[in-house]
Amino acid sequence: MNESLNQTLLDGVNALNAPLWDFLVVFLVAVGVFYTIATGALQIRLFVHSIKVMRNSRKPGQDSHGITPFQAFVTGLASRVGVGNVAGVAIAIAIGGPGAVFWMWLTAFLGMSSAFVESSLAQLFKVRDQQNQQFRGGPAYYITQGLKQKWLGVVFAISLILTYGFVFNAVQANAISGATSHAWGWDHANLVVNIAGLNLEVSWVGIALVVLTGLVIFGGIKRIAKVAERFVPIMAILYLAVALYIAFINIEN
């Protein structure tokens, strides 16, 4: 029954994913090229300036309900860096060869401009929540207010909920569980729970991830920002250190 359910979910994801990838990559690269030209290659022009601004962005602003610019930066960075940057890169190189690295560099370079525009739009069209005085924003808001297409904003919000709830986080948790199983011999699925007649295999690593994530996200944006402020710099340093170490030990190749 479990295999049948998993296969049904996989078939559903593939049915939606396959046609999207027929044009999505080309479309995103085209958008990156357009914004790079339209902004005068801001990822080059403003790179040094961004570092200078970031150095002085840890100071809290006058708004007690807000977060610092640095916290906003690392929170955004935390949402962009994940299993895809580790497992995804390894799979890309294994399938496409070393040349895949060049194309990842190129798309990352172009993606800087589209990410900048996306973040700028989120700032321009954010709104203050009257209940707790915190700001709310993002694509659903600037689609609704900027494009005046509320229905499209609703579709985006629902799609994001479904994507993060049933696909994105599941992939992340599964990759982490699989990695711990491979590295330390922990059972990938070591607990069987019967729910509505379905025998579901549950991993203790997965349960720990749910608990730890819940402790962070249920604390609101300020707790998320504080956790990201502490862990993202460490994560970035370790990521770069491991990448350099792997390159160094394989330098003869």
Side-chain angles (χ1 to χ4, degrees), residues 13-14 16-55 57 69-70 72-124 138-139 142-143 146-147 156 159-160 163-164 167-169 171-172 175-176 179 228 232-253:
V13 171
N14 288 335
L16 294 173
N17 192 53
L20 283 175
W21 277 104
D22 288 340
F23 73 91
L24 188 60
V25 174
V26 176
F27 177 75
L28 291 176
V29 170
V31 170
V33 171
F34 172 78
Y35 282 131
T36 297
I37 296 173
T39 60
L42 64 86
Q43 58 268 62
I44 298 176
R45 275 192 310 111
L46 301 180
F47 183 78
V48 175
H49 176 69
S50 67
I51 301 299
K52 292 180 179 178
V53 171
M54 195 58 58
R55 289 175 58 186
S57 64
F70 181 77
F73 168 73
V74 293
T75 301
L77 186 62
S79 68
R80 288 180 169 87
V81 179
V83 173
N85 297 84
V86 181
V89 170
I91 293 172
I93 295 174
I95 295 176
V101 176
F102 168 79
W103 294 108
M104 285 187 282
W105 284 347
L106 180 62
T107 53
F109 173 78
L110 296 174
M112 290 180 190
S113 61
S114 55
F116 176 85
V117 172
E118 176 188 354
S119 300
S120 298
L121 289 171
Q123 291 296 319
L124 289 171
Y142 59 71
I143 289 173
L147 297 178
F156 180 89
S159 300
L160 201 66
T163 300
Y164 271 78
V167 182
F168 185 79
N169 290 331
V171 171
Q172 301 273 343
I176 294 172
V232 169
I234 297 174
M235 177 183 68
I237 293 171
L238 288 175
Y239 181 83
L240 292 173
V242 170
L244 291 173
Y245 172 73
I246 293 173
F248 178 76
I249 64 175
N250 291 281
I251 193 70
E252 70 277 4
N253 297 322

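Every heavy atom of this structure was used, including side-chain atoms; hydrogens, water molecules and symmetry mates were not. Each residue takes its place number in the sequence, starting with 1.
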*Measure up the F23 and F27 rings against each other and bin them: parallel (under 30°), tilted (30 to 60°), perpendicular (over 60°).*
perpendicular
*Atom CE of M104 and atom CD1 of I93: how far apart are they, to the nearest 0.5 Å?*
5.0 Å
*Pair E118-L121, side-chain contact (heavy atoms from CB on, under 4.5 Å): steps then yes or no*: CA-CA 5 Å; E118 176 188 354; L121 289 171; 5.9 Å; no
*side chain to side chain donor-acceptor pair (under 3.5 Å) contacts in which one or both residues fall within residues 92-112, not counting sequence neighbours*: none
*Nearest-0.5 Å distance that lies between atom CG in L244 and atom CD1 in I249*: 11.5 Å
_Minimum heavy-atom distance A228-P233, with the two atoms named_ = O-CD, 3.7 Å
*Could you list all the side chain to side chain donor-acceptor pair (under 3.5 Å) pairs where at least one residue sits in residues 33-46, not counting sequence neighbours?*
T36-Q43, T36-S113
*asked:* Is there a side-chain contact between F73 and S119 in this structure, where contact means two heavy atoms from C-beta onward sitting under 4.5 Å apart?
replied: no
_Does F109, at its CZ atom, have more than 12 non-hydrogen atoms belonging to other residues, nucleotides or ligands within less than 6.0 Å?_
yes
*Identify the heavy atoms of Y142 and A122 that sit nearest to each other, and give their distance.*
CD2-N, 3.6 Å
*Identify the two heavy atoms, one from V74 and one from V232, that lie closest to each other, and give their separation to 0.1 Å.*
O-CG2, 3.5 Å
